[in-house]
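Single-structure report; data block below.
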Amino acid sequence: MTLNLVSEHACFGGWMRFYSHESRECRTEMRFSVYVPPQAEQGKVPVLYYLAGLTCTEETFMVKGGAQRLAAELGLMLVAPDTSPRKARVPGDDANWDFGLGAGFYVDSTQEPWAQNYRMYSYVTKELPEIVQSLGSGRADRQGIFGHSMGGHGALVCALRNRDQYLSVSAFAPISAPMQCPWGHKAFSGYLGEDRELWKQYDASELIRAQRYPRPILIDQGDKDKFLTEQLKPEIFAAAARESGSELRYTLRPGYDHGYYFISTFMEDHLRHHARQLISS
Ligand SMILES: N[C@@H](CCC(=O)N[C@@H](CSC=O)C(=O)NCC(=O)O)C(=O)O
C-alpha cells in the first residue's frame, strides 16, 4: 500500500500531516489527517482517533476542533479519517447531505450499490490503525476514540464493540440511538437493509444495554442543539447505560448548539479524559 503525504505543516512543536491512499476496505482512495505531537521524537505515543459528523472531511476537526495545543502538551497523537469514500462515485451519493458522500455512518454496508465502497466500520477499526502503526509514532496498545454527532455514534460503537482495542471513549452530541431517529433509519435501511436485528450491532444504546462497559464514558451535549430532540436522543443511551451498570459522565451544557464552537469549548475536558486512561493508567 502506498501512502501519499498530501501536505505537512509544523504545529505546536509537532506536525500536522494529511494523507491519501488506496484503501483495502473501501476499494477506492481514502484520506485522513494526523497530528503528531513533539513527544513522538522521543518514543511512541498514545493514539486518539476522532470521527467527524455529517458533511465533514478529514480536515474539519483539525481546523475547527482546537485540539492540537493540548495534544502537544499531553503527548497524544490525533488521527481523523474522512467521513466516507469520495473518489469511487455511487449513483445518488450526492443527492442528500445525510446519506452517501460525507455520511458513511461508520458501518460496513451490505446493500448495493453501497457495499463495494462504504465499509467505514472496517476501515476505521482495522485498516486505519494498521496504517497508523506503519507511520511508526503511535502505540498500538494505547488507542482511544471520540467523535461528534454521526462520529460520536461511530466512536461509541467502535469502542463498545472493540473493548480491548480502544481503552478510552467519549463523544460530543452523539447520535445516541440511531435505530430510533430519522438519520439512523435512513442510513441503516440504505446501507444495511431492512433487517433490524442487523442494525443493533451499530446502535450504541442497544450495545451498552446488552453488556456493561468497564470504563467511564464521557458525553457532552449542548441544550440549544437543533438536532437534540429528533436525532440525538442522549436520554436513551443514558437509560441503557444505567440498565447495564455502565459509568456515563453525561453533561447537558446550557446555551451550546451543535457546532464546533461547542466542541472546541469542551475539547480540553475530552482530551484530559482520554489522557487519564491512555497515559496515566
Ligand atoms: N447541512 C446541514 C448541517 C450539517 C451539519 O450540521 N453537520 C455537522 C454534523 S451533524 C451530524 O453528524 C457538522 O459537524 N458540520 C461541520 C461544521 O463545520 O459544523 C444542515 O443544513 O443543517
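All values reported here derive from a predicted model rather than from experimental measurement. As the structure lists them, so they are numbered: ligands from 1, and atoms in each ligand from 1.
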Inset, instruction - Could you tell me whether the side chains of His258 and Ser149 share a donor-acceptor contact shorter than 3.5 Å? - result: yes
Legend entry - Sub-3.5 Å N/O-N/O distance, Met150 and ligand 1: yes
Legend entry - Where ligand 1 meets His148 - atom numbers and elements under 4.0 angstrom, heavy-atom basis: 9 (C), 14 (O)
Inset, instruction - Please identify which atoms of ligand 1 are closer than 4.0 Å to at least one heavy atom of Tyr260. - result: 14 (O), 17 (C), 18 (O), 19 (O)
Legend entry - Between Tyr50 and His148, ring centroids under 6.0 Å: no
Legend entry - Protein heavy-atom partner closest to atom 11 (C) of ligand 1 - residue, atom, separation in Å: Ser149 OG, 2.3 Å
Inset, instruction - In plain terms, say whether Arg119 and Glu127 are close enough for a salt bridge, that is, a side-chain N and a carboxylate O under 4.0 Å apart. - result: no
Legend entry - contact_flag Lys226 ligand 1 heavy-atom lt 4.0 Å: yes
Inset, instruction - Indicate yes or no: does an N/O atom of Trp97 lie under 3.5 Å from an N/O atom of ligand 1? - result: no
Inset, instruction - Any atoms of ligand 1 less than 4.0 Å from a non-hydrogen atom of Cys56? List them with their elements. - result: 13 (C), 14 (O), 15 (N), 16 (C)
Legend entry - Side chains of His274 and Ser170, donor plus acceptor under 3.5 Å: yes
Inset, instruction - Kindly write out the residues that satisfy side chain to side chain contact (heavy atoms under 4.5 Å, CB included) with His9, not counting sequence neighbours, or none if the list is empty. - result: Ser7, Met16, Phe18
Inset, instruction - Describe, in one word, how the ring planes of Phe61 and Phe146 are oriented to each other, choosing from parallel (under 30°), tilted (30 to 60°) and perpendicular (over 60°). - result: perpendicular
Inset, instruction - Could you see which bit of Glu59 sits under 4.0 Å from ligand 1, with heavy atoms only: side chain, backbone, both or neither? - result: neither
Inset, instruction - Give the atoms of ligand 1, by number and element, whose distance to some non-hydrogen atom of Lys64 is under 4.0 Å. - result: 17 (C), 18 (O)
Legend entry - Side chain, backbone, both or neither: Leu54 near ligand 1, heavy atoms under 4.0 Å: both
Inset, instruction - Can you sort out the partners of Glu22 under side chain to side chain contact (heavy atoms under 4.5 Å, CB included), two or more places apart, ordered by chain and number? - result: Glu29
Legend entry - Protein contact of atom 6 (O) of ligand 1 - nearest heavy atom, named by residue and atom, plus distance: Phe227 CE1, 3.9 Å
Inset, instruction - Assess the side chains of Arg161 and Tyr121: does a donor N or O sit below 3.5 Å from an acceptor N or O? - result: yes
